[in-house]
Protein chains: 2
Amino acid sequence: MAGSGTRARPHGSRPRLSDVAEEAGVSIATASRALSGAAGVSESMADRVRTVAAELGYVANLHARTLAGGPTSVVGLVVHEIGDPYFAEIASGVLGLAAAEGLTVQICHSGRDPEAELTQIRTLIANGVGAVIVAGSGFVDREIRAKVTATLKSYLADGGRVAVIGRHHLAVDTVQPENDKGGHAIAEHVVSLGHRRIGIISGSRALTTIHDRLGGMDRALQAVGLGVASTPLVEAAFTRDGGKEAALELLERAPDVTAIMALNDDMAIGALSVLRDRGIPVPGQISVTGFDDVAVAQDLAPSLTTVRLPMGEMGRQALELALSPAAKRSRRRTARAELIVRASTAAPRT
Amino acid sequence: MAGSGTRARPHGSRPRLSDVAEEAGVSIATASRALSGAAGVSESMADRVRTVAAELGYVANLHARTLAGGPTSVVGLVVHEIGDPYFAEIASGVLGLAAAEGLTVQICHSGRDPEAELTQIRTLIANGVGAVIVAGSGFVDREIRAKVTATLKSYLADGGRVAVIGRHHLAVDTVQPENDKGGHAIAEHVVSLGHRRIGIISGSRALTTIHDRLGGMDRALQAVGLGVASTPLVEAAFTRDGGKEAALELLERAPDVTAIMALNDDMAIGALSVLRDRGIPVPGQISVTGFDDVAVAQDLAPSLTTVRLPMGEMGRQALELALSPAAKRSRRRTARAELIVRASTAAPRT
DNA sequence: TCCTTGAACGTAAGCGCTTACGTAACCGCT
DNA sequence: AGCGGTTACGTAAGCGCTTACGTTCAAGGA
């Protein structure tokens, strides 16, 4: 953990609190109180100290402050992959609010590796962040989940704050997108268009998000006598390339499908590219749907029918939860899923 | 800066170095040396301490370590907007290498506001990061630039490490994409197809990146008796919506253009959507080009002719520079620009 | 055998802050 | 005038670590 770290500068030319105090002719205790807005300093004195601090360009040393028990001003954010638009937009929401609150954010991305995620959560906690936000689906794996839960619990017990996005089984503050409802809506849209030979391209079912979305889809399919279990389904990486792979395999296994539901937009984009390469018209021959409504979904050709999730807002709310005083019971905010019908879906050819 | 921060937990149940030392029956100095791999401890003793530490689940307190003069393990990254694929991919490169090196990354995004950027650089430095990476075009504004430079210089003088991406005028380690060369390549491609009535949609020229890209384009245009100065050019926000706006205005001002060069992919995407809305065939009637080659460029319809920049690699290299020991002279690494010809460009109708 | 030497470990002094507690001055009250 | 109660500030004890400097002890040279 240290190895390649750069060495801290010895003193630096940065003024210290003692410099400010001396210059203002007060004790460092008074200076500290004045600058932190604590009680016990006269208004005139506080003003004087603040002025001197400004003149000297004084900025408190975060490490010293935190070590001494002051307020923390950094929060941690763990995502699967920051390069993904889904997570990038969540991060953007978090960063936006953080900046407004004068906080900075430490971000880790796990590359979708459960072990790495656990390690990173621990690292963030060790780094002394005041709050941790974990974004992205949890892993179904019992053992990992137990460890994550235990880690977060003990962090909470130590006074840390935690919020998760899309992981409703953890008993902590949660921002939960309506994965089930969204899955239901999109599947219902597809069947209501008349599709009955439907294929699904999915990420790993080890992700709870997938599980929930599939659950919603299943309900809609059941309503017309189908079901996820009896539907051709291919699992692949939850990415564009995974979508390509899955689409290829799906077309092989079930060449007669009239609709393909992808479990996120990235996979749908991959599927679209495969269909384009094959010269299969969308939605003429096959309809395609996504999930998330990443920014580019509207710019694809055909523009993508999908379920919109307010990613930025979700990030923002997660931070809000994390910043609000801890509650006895864990709170939950729901992020609405909204069906966005665009040009990639149509009734099947008869 | 403090205000909304959460309060640091008082003790927490986290084991401290003294706990490890006691358990192992040594002094904390020895324990510290053993864990940091410093000399002066016998191998057997070091092993014992490490074992105990592992058993106790000991993780060093970052703040204490840094305050005491240990190595820093967090680096700062400043980008314009983390939600943009361009910056998200840079961040992904940084995070990837950082994780491998056992470092964590504090990310700020300025929302393209020069003042905010300066503030955030200062905040990161105040937070005690060991290195800061500033990504994204610099602002041409003299005053701001001087302040940024001064801030980074004094940070460097204090032993901090700095690397910038795409800001060649700062005398610090730089990863520089070939903006000029890329601009030249794409413009040359367009004119070589036969286009002579070309429009440009651009972000603010206050960004050095834009300046450089336009410079390259100008050289290519000059070669056929044109030039940026005599070319219809619309400035707007460096985003998808900015691209829409700019495209609308451009079509009004110069309805007879046969090609539109956008200064990044986001703007090109916006332009494409306007053209689609208007029913203007691309590239049938108007060719469109972008810049950056964000992931979705290949998935648009038509797929986008653009200039590829290795964003992830740029981020990675920036961190590499920042981690390598400081050199007397500032180093520069060049990120190659590569023309990617896809389906959005064609010869003009005759 | 005595002294030098260096490896191995302990002692303790901070790093720059926050804050519990102590102290002095001052208020109004009886 | 004498008292308790504020208020405004100073003193000093850490927060959990790193590291310069001491100390101890075994090995080696004379």
Side-chain angles (χ1 to χ4, degrees), chain A residues 1-2 5 7-22 24-49 53 56 58-73 125-128 130 158-159, chain B residues 1-2 5 7-22 24-49 53 56 58-73 125-128 130 158-159:
Chain A
M1 172 162 172
R7 198 135 276 275
R9 59 223 87 90
H11 257 245
S13 47
R14 273 173 58 188
R16 289 160 299 169
L17 183 56
S18 58
D19 298 326
V20 176
E22 190 175 354
V26 297
S27 71
I28 63 170
T30 302
S32 172
R33 283 188 279 253
L35 294 176
S36 70
V41 204
S42 66
E43 204 36 58
S44 60
M45 189 75 264
D47 257 0
R48 169 130 145 252
V49 171
L56 265 50
Y58 170 78
V59 196
N61 178 312
L62 176 75
H63 299 297
R65 163 172 292 184
T66 306
L67 186 57
T72 308
S73 61
I125 293 174
N127 281 9
D158 288 359
Chain B
M1 174 159 172
R7 198 135 275 275
R9 61 225 84 92
H11 256 247
S13 47
R14 269 172 59 187
R16 288 159 301 170
L17 184 57
S18 59
D19 297 326
V20 176
E22 190 175 354
V26 298
S27 71
I28 62 169
T30 301
S32 171
R33 283 188 279 253
L35 294 176
S36 69
V41 203
S42 66
E43 203 37 57
S44 59
M45 189 75 264
D47 257 0
R48 169 128 145 252
V49 172
L56 264 51
Y58 170 78
V59 197
N61 179 311
L62 177 74
H63 300 296
R65 163 173 292 187
T66 307
L67 186 58
T72 308
S73 62
I125 294 174
N127 281 8
D158 287 359

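Chain letters run A, B, ... following the sequence lines, proteins first and then strands; every chain starts at 1.
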- Message: Nearest to the A:R16 side chain among C:dA12, C:dG16, D:dG16, which nucleotide is it?
- Response: C:dG16
- Separation of C:dC15 P from B:N61 CG (nearest whole Å): 18 Å
- Note on the structure: note: A:R65, atom CZ; D:dG16, atom P; distance rounded to Å ~ 18 Å
- Query: Where the side chain of A:R14 meets the backbone of A:Y58, is there a donor-acceptor pair that is under 3.5 Å apart?
  - Reply: no
- Query: Where the side chain of A:H63 meets the backbone of B:N127, is there a donor-acceptor pair that is under 3.5 Å apart?
  - Reply: yes
- Once you round it to whole Å, what is the distance between C1' of C:dG16 and CD of A:E22? 15 Å
- Could you state the CG-P distance from B:L17 to C:dG10, rounded to the nearest angstrom? 12 Å
- Can you see which heavy atom on A:L35 is nearest to which on A:A53, and at what distance? CD2-CB, 3.9 Å
- Query: What is the minimum heavy-atom distance between B:R65 and B:A60, and which atoms define it?
  - Reply: NH2-CB, 3.5 Å
- Measure the shortest side-chain to side-chain distance between A:D47 and A:E43 over non-hydrogen atoms and say whether it is less than 4.5 angstrom. yes
- Quick one: list whatever passes side chain to side chain contact (heavy atoms under 4.5 Å, CB included) with B:S32, sequence neighbours left out. B:L17
- Among the candidates C:dG10, D:dC17, C:dT19, find the nucleotide nearest to the side-chain atoms of A:S32. C:dT19
- Name all residues meeting the side chain to side chain contact (heavy atoms under 4.5 Å, CB included) criterion together with B:S42; count only those two or more places apart in sequence or in a different chain, and write none if there are none. B:S44, B:M45
- So which heavy atom on A:P71 is nearest to which on A:T66, and how close? O-OG1, 4.5 Å
- Testing C:dC17, D:dT18, C:dG16 for proximity to the side chain of B:L67, the answer is C:dG16
- Are any of A:T30's side-chain N or O atoms less than 4.0 Å away from OP1 or OP2 of D:dC9? no
- Just compare C:dG16, C:dT18, D:dC17 and give me whichever is closest to any side-chain atom of A:I28. C:dT18
- Query: Are the side chain of A:R48 and the backbone N or O of A:A24 linked by a donor-acceptor pair below 3.5 Å?
  - Reply: yes
N/O-N/O pairs, protein side and nucleotides 23-28 of chain C side, under 3.5 Å:
none

- Note on the structure: Rounded to whole Å, the CG-P distance (A:L35 to C:dT18) equals 8 Å
- Closest non-hydrogen atom pair between B:V41 and B:A34, with its separation: CG2-N, 3.9 Å
- Message: Expressed as a whole number of angstroms, how long is the span from A:H63:NE2 to D:dC17:C1'?
- Response: 12 Å
- The correct set of residues in residues 37-44 of chain B placing a heavy atom under 4.0 Å from DNA chain C is B:G40, B:V41, B:S42
- Message: Among residues at least two apart in sequence or on other chains, which ones pass side chain to side chain contact (heavy atoms under 4.5 Å, CB included) with A:S27?
- Response: A:A29, A:T30
- Message: With a 4.0 Å cutoff (strictly under), does any side-chain N or O of A:S27 reach OP1 or OP2 of D:dT11?
- Response: no
- Query: If you check every side-chain atom of A:M45, which of C:dT18, D:dT18, D:dC9 has the closest atom?
  - Reply: D:dC9
Detail all sub-3.5 Å separations between protein N/O atoms and N/O atoms belonging to nucleotides 21-27 of chain D.
none

